[in-house]
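Quick notes on the structure that follows.
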Amino acid sequence: MASNLIRASSSLVLAVLVALIVQIFYFSPIDPVLLDIKPASSTKDNQLQNIIKLGEGFLNEPEDVCVDKEGTLYTATRDGWIKRCRRNGNWENWKHIDSYTLLGITTAKKGGLIVCDSTKGLLKVTEEDGFTVLVSQVNGSQLRFADDVIEAWDGNIYFSVLSTKFDLDNVYLDVLEARPHGQLVKYNPTSNETVIVLDNVACANGVALSKDEDYLVLCETWKCMRHWLKGANKGTTDIFIENLPGGPDNINLAPDGSFWIALVQLTSERLEFVHKYKITKHLVASFPRLINLVNGAKKKAMVVNVATNGTIIRKFDDGDGKVITFVTSALEFEDHLYLGSLNSNFVGKLPLHSA
């Protein structure tokens, strides 16, 4: 009787293990490669705990921010609104797009905004016309996951495609898989043509032009690439900065020609090993609840100011995640830093003169 019970128990355990292995490997949604993620910096300055909360309770996860020539602040939120704050401090609903996937935004040279919608594509939003779709396909394929955008002096629009495989709801699967599914795309509004400038980019994210617009910086997992638009190096690409203390998200040009980069902690502390083994990647990808455990984005916040030679000048963080976490963009305007976040109901405002 006892031996039969032991055999039955052993068979049950074996069946469960086999089912688990099949679930992990056969039904895994990813085909991963290994990624060496360095442990996050242990030093904290917690300067981001001194932010002023703008529009608190009115803004639903404002991922990116931009400011027009009148000083009006804009952001796109998960409830499908482009919201704005005038200089008098009053927030208002501006344009509704009926989408929860609005991401990167930038002001357009001829007025209005250019907005990335990871579902609809690249949009133009104006006071008079509402929104129109500029780009919905790239090389005959549906554009998915447009992430960040910038317009150059000549009218060409550069935007990143974070992933051609995973959507916004499954973005962490792209991080786990660690394969280069992203792109940098150029759209010419005059000819209505799109060209893939860079392909096979890992987690293509923030896009910014240099002060002289002689090169463009594209953020990807753990480093930023520099693509030259003018001069002797025109058409070539090199590394602008690497080994950052977090995954670079959006990037913005500062008034002095340097850059502000929002850094996301893609792995919780002491769980960096998950990205070093395929079995742990498959395990996390197969059981979505584990993603919340491994993903460190909602645990803290960090931004860095990077010089034109690729060195870090300043670093601000909320290392305890006490006031703000998951900062996705940092924009300097009139000696203040404006912070977007996918885990807040406000835009953060940090006075730089006291930071």
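Source: prediction; values computed, not measured.
Taking the six-membered ring for Trp and thresholds of 30 and 60 degrees, Y74 and W94 have ring planes more than 60 degrees apart, a perpendicular arrangement. Ring geometry for W91 against F58 counts as tilted: the plane angle lies between 30° and 60°, on a 0 to 90° scale. The aromatic rings of F333 and Y338 lie tilted to each other, with the angle between the two planes from 30° to 60°. In this structure, H336 and H353 have perpendicular ring planes: the angle between them is above 60°, well past the 30° mark.
Around atom CZ of R87, more than 12 heavy atoms belonging to other residues, nucleotides or ligands sit under 6.0 Å away. Within a 6.0 Å sphere centred on NZ of K230, other residues, nucleotides and ligands contribute more than 12 heavy atoms.
Residues E63 and R78 are in side-chain contact: their nearest non-hydrogen atoms beyond the backbone lie under 4.5 Å apart. Contact annotation: the side chain of N46 approaches that of D317 to within less than 4.5 Å [non-hydrogen atoms, C-beta and beyond]. Looking at heavy atoms from C-beta onward, K95 lies in side-chain contact with E127 at the 4.5 angstrom threshold. Here the side chains of I51 and F346 are in contact, with some heavy-atom distance below 4.5 Å. Inter-residue side-chain proximity for I291 and V284 is flagged as met; some heavy-atom pair is nearer than 4.5 Å. In this structure, the side chains of C203 and D174 come closer than 4.5 Å at one or more pairs of heavy atoms. Within the 4.5 Å cutoff, the side chain of L229 has heavy atoms near those of the Y158 side chain. In this structure the side chain of F326 reaches within 4.5 angstrom of the side chain of V264, judged on heavy atoms.
Using a 4.0 Å cut-off between charged nitrogen and carboxylate oxygen, E177 and K165 count as a salt-bridge pair.
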Inset, instruction - May I have the step-by-step check of side-chain hydrogen bond (donor to acceptor under 3.5 Å, both in side chains) for S258 and N305, ending in yes or no? - result: CA-CA 7 Å; S258 62; N305 185 210; 3.0 Å; yes
Inset, instruction - Check step by step if side-chain hydrogen bond (donor to acceptor under 3.5 Å, both in side chains) holds for H181 and T164. - result: CA-CA 5 Å; H181 299 303; T164 56; 4.6 Å; no
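For residues 101-114, the set of pairs meeting the side chain to side chain donor-acceptor pair (under 3.5 Å) definition, not counting sequence neighbours, comprises S99-T101, T101-D117, T101-T119.
Considering all non-hydrogen atoms of both residues, F273 and Y277 come closest at O-CD1, 3.2 Å.
Of the possible polar contacts, one joining the S163 side chain to the F166 backbone as a donor-acceptor pair under 3.5 Å is found. Put simply, the side chain of T72 never gets that close to the backbone of D68: no donor and acceptor are under 3.5 Å apart.
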